[in-house]
Amino acid sequence: MVFSWPTWGEWLATLPPDVRDSAVSLAERFKELGAQDPEGWARSEISENIPQLARFMVLRALWREAISPWMDASALCDLAAAQRLIDAGADPHDVLLVARAGAYEAVVAAVCVLDECGDPDARKGDPGWHLVETDAECNPTGREIGGLHESLGETDPSGNEDADLWE
């Protein structure tokens with residue numbers, strides 16, 4: 001048995017007007033933010049009540065702040081070890097790639113720790129953690145932000161889904 005999802009337009013046609021408007025607006029916001037599949041993210045948020053916009057924005061910020069800076073050779077200027085490698089004959093592109101892959105792996109580890117909601121080696125009664133969506137005034141909406149590790153690759157702003165890190 002083959003199941004096919006309705007197209008974006010077919011799905012929108014099944015929604016009440018106010019929900020349809022919210023879905024279209026949400027898809028437009030995802031597109032503005034650079035999502036590769038804005039309709040898919042919006043459909044998931046509306047139909048599954050997953051805070052996908054918050055998830056996307058967290059992951060987008062991690063790419064922007066921790067991983068993407070390692071695409072620019074100027075990032076190596078302040079790293080003495082990188083400069084020594086280049087002076088010894090290493091290709092600056094390769095040095096950048098190693099730094100970027102290291103940053104990516106660190107972000108993967110961080111989002112996995114966040115997704116676990118607690119230390120697996122913790123004692124009974126030790127605190128855990130929880131990432132939650134908030135509104136524009138930082139009031140919790142009650143929706144949990146989880147599964148970040150599942151979407152890190154697809155939020156790569158280059159559109160390569162992190163494949164260029166391993167060339």
Side-chain angles (χ1 to χ4, degrees), residues 8 22-83 85-86 90-122 126-167:
W8 173 249
S22 293
V24 169
S25 177
L26 190 57
E28 288 172 2
R29 182 65 180 131
F30 276 112
K31 187 175 181 179
E32 289 170 5
L33 293 170
Q36 299 299 314
D37 180 17
E39 290 88 5
W41 285 92
R43 185 187 307 210
S44 174
E45 177 148 345
I46 298 293
S47 64
E48 300 172 279
N49 195 30
I50 297 172
Q52 296 290 25
L53 184 58
R55 288 179 74 244
F56 183 86
M57 293 180 79
V58 166
L59 294 170
R60 179 176 170 265
L62 289 169
W63 275 99
R64 182 181 62 243
E65 300 299 324
I67 304 168
S68 293
W70 296 105
M71 294 180 79
D72 184 347
S74 68
L76 300 175
C77 293
D78 294 331
L79 296 176
Q83 203 54 55
L85 289 169
I86 293 167
D91 182 337
H93 173 76
D94 289 341
V95 177
L96 270 174
L97 192 57
V98 168
R100 189 164 180 246
Y104 178 83
E105 290 298 327
V107 168
V108 168
V111 298
C112 285
V113 166
L114 287 172
D115 284 343
E116 288 173 2
C117 295
D119 184 340
D121 298 327
D126 283 349
W129 45 83
H130 203 68
L131 187 60
V132 296
E133 176 189 51
T134 62
D135 64 18
E137 287 78 39
C138 270
N139 299 307
T141 65
R143 297 194 309 174
E144 299 177 17
I145 300 173
L148 293 170
H149 69 283
E150 298 169 1
S151 301
L152 183 60
E154 71 186 90
T155 57
D156 180 350
S158 72
N160 293 322
E161 295 196 14
D162 70 38
D164 59 331
L165 291 168
W166 320 114
E167 49 181 47

Seminar exercise, completed: Correct closest heavy-atom pair for A90 and V95 would be CB-CG2, 3.9 Å

Exercise. Which heavy atom in P69 sits nearest to a heavy atom in A66, and how many Å separate them?
Worked result: CD-C, 3.9 Å

Exercise. Residues in side-chain contact (heavy atoms from CB on, under 4.5 Å) with V111, at least two apart?
Worked result: L59, L62, V107, L148, H149

For this session: Please list, chain by chain and in numerical order, all residues satisfying side-chain hydrogen bond (donor to acceptor under 3.5 Å, both in side chains) with E137, sequence neighbours excluded.
Result: none

Problem set entry | Where T155 and F56 come nearest, the two heavy atoms and their spacing | CG2-CD1, 3.6 Å

For residues 30-40, please give each side-chain donor-acceptor pair under 3.5 Å, one per line with the distance, not counting sequence neighbours.
from	atom 1	to	atom 2	distance (Å)
E32	OE1	R29	NH1	3.1
D37	OD1	G40	N	3.1

For this session: Begin with the C-alpha distance, continue with both residues' side-chain angles, and end with the deciding distance and a verdict on side chain to side chain contact (heavy atoms under 4.5 Å, CB included) for E45 and L53.
Result: CA-CA 8 Å; E45 177 148 345; L53 184 58; 3.7 Å; yes

For this session: Scan for salt bridge (charged side-chain N to carboxylate O under 4.0 Å, His left out) pairs involving residues 90-112, sequence neighbours excluded, and state none if there are none.
Result: R100-D164

Exercise. Can you list the residues that meet the side-chain hydrogen bond (donor to acceptor under 3.5 Å, both in side chains) rule with N139, with sequence neighbours excluded?
Worked result: D135

Problem set entry | ring-ring contact (aromatic ring centres under 6.0 Å, His included) against W63, all qualifying residues, sequence neighbours excluded | Y104

Exercise. Quick one: side-chain hydrogen bond (donor to acceptor under 3.5 Å, both in side chains) partners of S25, sequence neighbours excluded?
Worked result: none

Problem set entry | For A136, all residues meeting side-chain contact (heavy atoms from CB on, under 4.5 Å), sequence neighbours excluded | none

For this session: To the nearest 0.5 angstrom, please state how far the CG atom of D156 sits from the OG atom of S68.
Result: 6.5 Å

Problem set entry | Nearest heavy atoms of I145 and P51, plus distance in Å | CG1-CG, 4.1 Å

Exercise. How many angstroms lie between CG in D119 and CG in D126, if you round to the nearest 0.5 Å?
Worked result: 8.0 Å

For this session: For N49, enumerate each residue passing the side-chain contact (heavy atoms from CB on, under 4.5 Å) test, keeping only those at least two apart in sequence or located in another chain.
Result: R143

Problem set entry | Side chains of W70 and L97 in contact at under 4.5 Å (non-hydrogen atoms) | no

For this session: Sorted by first residue and then second, give each salt bridge (charged side-chain N to carboxylate O under 4.0 Å, His left out) pair with at least one member in residues 52-78; sequence neighbours left out.
Result: none

Exercise. When you measure from the side chain of E133 to the backbone N and O of T141, does any donor-acceptor pair fall under 3.5 Å?
Worked result: no

For this session: Return the set of residues passing side-chain contact (heavy atoms from CB on, under 4.5 Å) with P92 (not counting sequence neighbours), or none when no residue passes.
Result: I86

Exercise. Any side-chain heavy atom of I50 within less than 4.5 Å of one from W41?
Worked result: no

Problem set entry | Taking every non-hydrogen atom, the tightest pair across A42 and A23 | CB-O, 3.8 Å

